[in-house]
Chemist: 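Quick one: structure below, then a few questions.
The sequence lines fix the lettering, A, B, ..., with proteins before strands; numbering per chain opens at 1.
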2 protein chains.
Amino acid sequence: METRQCGPIGRPRGFDADEALERALLVFWEHGYEGASLSSLTTAMGISTTSMYAAFGNKEQLFRKALERYTEGPGAHLAEALREPTALAVATAILTGTVRSTTRPAHPHGCMGVQGALVASDSGREVRDLLVAWRDNSYSCVHERFRRAVDDGDLPQEADPGLLARYVTTLAFGIAVQAASGVGRDELQEMADAALRNWPLT
Amino acid sequence: METRQCGPIGRPRGFDADEALERALLVFWEHGYEGASLSSLTTAMGISTTSMYAAFGNKEQLFRKALERYTEGPGAHLAEALREPTALAVATAILTGTVRSTTRPAHPHGCMGVQGALVASDSGREVRDLLVAWRDNSYSCVHERFRRAVDDGDLPQEADPGLLARYVTTLAFGIAVQAASGVGRDELQEMADAALRNWPLT
DNA sequence: GGACTTCTGTAGCGATCGCTCCAGAACTCG
DNA sequence: CGAGTTCTGGAGCGATCGCTACAGAAGTCC
């Protein structure tokens, strides 16, 4: 049997799935998982509910894919920050990146990983747990990066990488809450700078 | 016409409104405004929807009264902290109180003022704005307390009360997010202690 | 062309949402 | 007692929830 080049069989998709996901991401980011209704999502995506279900599965899977896209897009500053050469540079980049991404004009304010489903009804428990794991993973990455900084001698031997990671992530989550409340970018940036003035918390 | 002692006219209420409000508070605290359905609320309160509406008005007014109760109960540590004699004692009491109240065993984890409605659908916008104002008021109270500390010479003249207040409230909101994610009390308390080791942020 | 596969919009499913109508129960009055 | 007032549960309102059945449209195959 001969393999042959063949395009996809059947009627081709009438919309750009990537752009539709981006639109859904913005709705989830602004209103949260349960605050975003299917009708508001499909309206923003410009497609019917049938097309959404065919392309993404269901609302929860759409949210999971939107969260992945968020992590690699607006939330990419974390992964980038971890590649900074020193622990202080990592911490600075995390907080600066968080301030910038949570207060971007013409974007939803706050962090999708925080406000996407900080609490939920019973039917949203799985998504809430997904975001708990998302935040815990953020902490773990920072923790491990700081542990490496201790091993490298970048951080003093007596420094507590776990405590430092908890400090930085707590500030980041707090910044996300402040941003969601409408607090301005410059004020948060000043505060972030001041919070790291005494690194690594002597 | 003679005034006379008279009890309340009509059939007396068959439940303790105060205790019912407490039960509703716990449901709102755990699931948020929109995540708490009327049926889950009335079930927890032990009354019918009719009784709830007669006693509290509607869901939004029930939430407002629950928030007041929260502020005077589990959230009272803020008002108490503001009465501490020094700015450092105020900041320490705020963070310690936040850690304790957001990680209390057998209570919902996190802060109702944060997770009650950090985001919402269109129909919940008013409650979201109510909590934005609630958080902003918390910041303002701390801000004013620190301003007074500067006037009193407790904080150095060059200290920025607004920045310090933003720092403390950001940590408190961040602690609330961490607690809602299941992070333990002791770990958060250690972090809070470390965060104030360099007060007032030189 | 006809067979096959996939995407599309409409229409509507059962369930739940917040909320209200209504008749009766439980009290204070005169 | 009867009149007046308020609280109670049940039953159900219209609207919206997430989701799906269905038939037709739009492609690739032979």
Side-chain angles (χ1 to χ4, degrees), chain A residues 1-21 24 27-28 31-66 117 120-128, chain B residues 1-21 24 27-28 31-66 117 120-128:
Chain A
M1 218 182 273
E2 193 182 353
T3 60
R4 71 176 58 200
Q5 115 175 27
C6 58
I9 278 189
R11 176 173 175 176
R13 190 171 280 154
F15 61 96
D16 183 339
D18 219 51
E19 186 178 323
L21 182 57
V27 176
F28 279 133
H31 295 289
Y33 174 67
E34 292 190 312
S37 69
L38 265 191
S39 70
S40 71
L41 287 165
T42 52
T43 298
M45 299 166 87
I47 60 178
S48 67
T49 64
T50 314
S51 296
M52 192 284 281
Y53 273 84
F56 299 101
N58 61 16
K59 188 189 179 185
E60 182 178 331
Q61 291 179 32
L62 177 63
F63 182 86
R64 290 177 183 271
K65 282 162 187 161
S121 69
D122 291 337
S123 70
R125 180 164 297 163
E126 290 198 3
V127 169
R128 198 203 57 183
Chain B
M1 217 180 275
E2 193 181 355
T3 61
R4 68 176 58 201
Q5 115 176 25
C6 59
I9 276 189
R11 177 173 172 175
R13 190 171 281 155
F15 61 95
D16 183 338
D18 219 51
E19 186 179 324
L21 183 58
V27 176
F28 279 132
H31 297 289
Y33 175 67
E34 293 190 312
S37 69
L38 265 191
S39 70
S40 71
L41 286 164
T42 52
T43 299
M45 298 165 87
I47 61 177
S48 67
T49 65
T50 313
S51 297
M52 193 284 280
Y53 274 83
F56 299 100
N58 60 17
K59 189 188 178 185
E60 181 177 330
Q61 291 179 32
L62 177 64
F63 183 85
R64 290 176 183 272
K65 281 161 187 162
S121 69
D122 290 336
S123 70
R125 178 164 297 162
E126 291 198 3
V127 169
R128 198 204 56 183

Chemist: Rounded to whole angstroms, how far apart are CE on B:M45 and P on C:dG18?
Modeler: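 Checked: the CE to P distance equals 13 Å.
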Chemist: I need the full list of salt bridge (Lys or Arg N to Asp or Glu O under 4.0 Å) pairs touching residues 47-62 of chain A, with sequence neighbours left out, sorted by first then second residue.
Modeler: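 Pairs touching residues 47-62 of chain A that pass the test: A:E60-A:R64.
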Chemist: Within a radius of less than 6.0 Å around CD of A:Q61, do more than 12 heavy atoms belonging to other residues, nucleotides or ligands occur?
Modeler: yes
Chemist: Of the non-hydrogen atoms in B:M52 and B:T42, which two are nearest, and what is the gap between them?
Modeler: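 Nearest pair, atom of B:M52 first, then B:T42: CB-CG2, 4.2 Å.
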Chemist: What is the minimum heavy-atom distance between B:G35 and A:S121, and which atoms define it?
Modeler: O-CB, 3.3 Å
Chemist: Spell out protein contact along nucleotides 5-10 of chain D as letters: B when the base is contacted, S when just the sugar-phosphate is, - when no protein heavy atom is under 4.0 Å; keep the 5' to 3' order.
Modeler: BBBBBB
Chemist: For a quick check of understanding: with a heavy-atom distance under 4.0 Å over all strands, which category does A:S123 fall into, base, sugar-phosphate or nothing?
Modeler: nothing
Chemist: Nearest-Å distance, CD (A:E34) to P (D:dG18)?
Modeler: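 That distance rounds to 9 Å.
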Chemist: Let me know the distance between CD of B:Q61 and P of C:dG18, rounded to the nearest Å.
Modeler: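 The answer, rounded to whole Å, is 15 Å.
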Chemist: Return the 5'-most residue of the pair B:P8, B:E60 with respect to DNA chain C, ranking by each residue's nearest nucleotide.
Modeler: B:E60
Chemist: In whole angstrom, what separates A:D122's CG from C:dT16's C1'?
Modeler: 13 Å
Chemist: To the nearest Å, give me how far apart CG (A:L62) and C1' (D:dC19) are.
Modeler: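 Distance check: A:L62 CG to D:dC19 C1' gives 14 Å.
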Chemist: In whole Å, I'd like the distance from the CZ atom of A:F56 to the P atom of C:dT8.
Modeler: 10 Å
Chemist: Rounding to a whole Å, what distance do you find between A:L38:CG and C:dA15:C1'?
Modeler: 14 Å
Chemist: Can you label the angle between the A:Y33 ring and the A:F63 ring as parallel, tilted or perpendicular, going by 30° and 60°?
Modeler: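 Geometry flag for A:F63 against A:Y33: perpendicular rings.
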Chemist: Please answer whether the main-chain N or O of A:S39 pairs with a side-chain N or O of A:T43 as donor and acceptor at a distance below 3.5 Å.
Modeler: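 Confirmed, A:T43 side chain pairs with A:S39 backbone.
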Chemist: What's B:A17 touching, base or sugar-phosphate or nothing? Going by heavy atoms closer than 4.0 Å.
Modeler: nothing
